[in-house]
2 protein chains.
Amino acid sequence: MKLLTKKTDYAIRILAVLTKNKNRFLSAREISSLQNIPYQFIRQILRILLQHNFVVSKEGGKGGFKLNVDPKNISVSDVIQYFQGNIMLSKCMFRKQLCHNRSTCILKKEINRIEELVEKEFARISIAKLTKT
Amino acid sequence: MKLLTKKTDYAIRILAVLTKNKNRFLSAREISSLQNIPYQFIRQILRILLQHNFVVSKEGGKGGFKLNVDPKNISVSDVIQYFQGNIMLSKCMFRKQLCHNRSTCILKKEINRIEELVEKEFARISIAKLTKT
DNA sequence: CTAACTGCTACTAAAATAGTATCAGTTAGG
DNA sequence: CCTAACTGATACTATTTTAGTAGCAGTTAG
Ligand code: FES
Ligand code: FES
């Protein structure tokens, strides 16, 4: 029942660190050593965060990354969305033999319901909430 | 956000089929073809179900498996427990840099809370509930 | 006796996750 | 105007987890 992958977890940590340093650019190297995340891995994650406009970057010396959104408006489920293939509804695995009428399949319904529940719960956790110590 | 693995899913299906055939032994071969589950894979799963007393077996010709519990008393989370390494709490991945005092870490708390929530939700779904069409 | 079964052990294959290497292009600052 | 410190982008490799397979020994109905 691993709800978050390491990529998601790291992404959240990165956003949290950037939140704590809102007004300056932090380099990948800096974040890497601050949070003990492998450098190349963090580069990968930062690129994704950049592509989805969670952060902005500055190239060259003294460059790095800076938060591009209000941490109150990013939730853990927003991050999950991009790092764990958006809250995919688990494909129906029962077959006709068990549920002749798919629309009445109880398990499928229940799983979907629980997944939505999980998403909603994660949606309630903003980065801002995580960083206010 | 794959909540159930195939093994868990198959296990549930097997229990559901056995529930629908409470009073006779079903062979692995039969269940396999009824539910389109690979034969050797189902054997593996049945052995685990047997070890945990979800089912009883009969060896030899006309042998097979039969439910050993009241389907009202088995929940999806009971099955998850044995097939997905019991609802493990995801290991804390943030480090001291972010939360100096681990006992106050919000993310960790939130994840644990959500995992418990998921477990509770699955606990509410009994095999009996799934099979009553 | 034997075909149809389970019990058990040990594999192999495929997919997902985690992490690495490398090179081209940008820029602050000497 | 050079260069060290950066990012942009692509393309790997390694590790772990999940999915599925093979095969033999032992049991039993018919
Ligand atoms: S499990 Fe898919 S329709 Fe029932
Ligand atoms: S994430 Fe582990 S203590 Fe905060």
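Lettering follows sequence order; numbering is per chain, from 1. Remember, predicted model here, so these are calculated numbers, not experimental data. Heavy-atom basis, side chains included; hydrogens, waters and symmetry copies ignored.
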For the helix from dC1(C)-dG30(D) to dG30(C)-dC1(D), what angle separates the axis at the start from the axis at the finish, each from five pairs, in steps of 10°? 0°

Under 4.0 Å, counting only non-hydrogen atoms across every strand here, what does R43(B) touch: a base, just sugar-phosphate, or nothing? base

Any residue meeting ring pair (Phe, Tyr, Trp, His ring centres under 6.0 Å) with F41(B), in chain and number order, not counting sequence neighbours: Y10(B)

The remaining residues in the hydrophobic cluster of L117(A), counting side-chain heavy-atom contacts under 4.5 Å among Ile, Leu, Val, Met, Phe, Trp and Tyr, are L117(B)

Length of the line joining F41(B):CZ and dA22(D):P, which is rounded to integer Å: 14 Å

Which atoms form the tightest heavy-atom contact between V55(B) and F65(B), and what is the distance? CG2-CD2, 4.0 Å

Distance in angstrom units between Q35(A) CD and dA18(C) P, rounded: 17 Å

Could you label the plane-to-plane angle of the H52(A) and Y82(A) rings as parallel, tilted or perpendicular, counting under 30° as parallel and over 60° as perpendicular? parallel

Would you say Y10(A) reaches dG19(C)'s phosphate, i.e. side-chain N/O to OP1/OP2 under 4.0 Å? yes

Once you round it to whole Å, what is the distance between C1' of dA4(C) and CG of L26(B)? 15 Å

Salt bridge (Lys or Arg N to Asp or Glu O under 4.0 Å) pairs, two or more places apart, involving residues 29-56 of chain A: R24(A)-E30(A)

Between Q84(A) and K7(A), does the side chain to side chain donor-acceptor pair (under 3.5 Å) criterion hold? Intermediate values first, please. CA-CA 8 Å; Q84(A) 283 173 217; K7(A) 247 180 185 161; over 6 Å; no

If I take atom CD1 in residue I45(A) and atom C1' in nucleotide dG8(D), what distance separates them, rounded to the nearest angstrom? 16 Å

S27(B) vs K7(A), nearer the 5' end of DNA chain C by closest nucleotide: S27(B)

Nearest whole Å is fine: how far is dC5(C) P from I31(B) CD1? 12 Å

Between CD of E59(B) and P of dT2(C) the distance, given in whole Å, is 21 Å

Among dT6(C), dA28(C), dG8(D), the nucleotide that comes nearest once only the side chain of A28(B) is considered: dT6(C)

Which residue lies more 5' along DNA chain C, comparing G60(A) with P38(A) via nearest heavy atoms: P38(A)

Quick one: are K129(B) and S75(B) in side-chain contact, heavy atoms under 4.5 Å? no

Looking for any heavy atom pair under 4.0 Å, which part of the strands does Y39(B) touch: base, sugar-phosphate only, or nothing? base

State which residues pass salt bridge (charged side-chain N to carboxylate O under 4.0 Å, His left out) with R113(B); sequence neighbours excluded, sorted by chain then number. E121(A), E110(B)

Measuring from the side chain of T5(B) (C-beta onward, heavy atoms only), which nucleotide among dT18(D), dG29(C), dG23(D) has the closest atom? dT18(D)

Output the distance between atom CZ (F83(A)) and atom CD1 (I12(A)), rounded to the nearest 0.5 Å. 9.5 Å

Nucleotide dT17(C), atom C1' - distance to CD of Q84(A) in whole Å: 10 Å

The correct set of residues in residues 47-58 of chain A placing a heavy atom under 4.0 Å from DNA chain C is none

Measure the spacing between CD1 of I127(B) and CG of L15(B) and express it to the nearest 0.5 Å. 5.0 Å

Would you mind reading off the distance between Q44(A) atom CD and dA21(C) atom C1', rounded to a whole angstrom? 12 Å

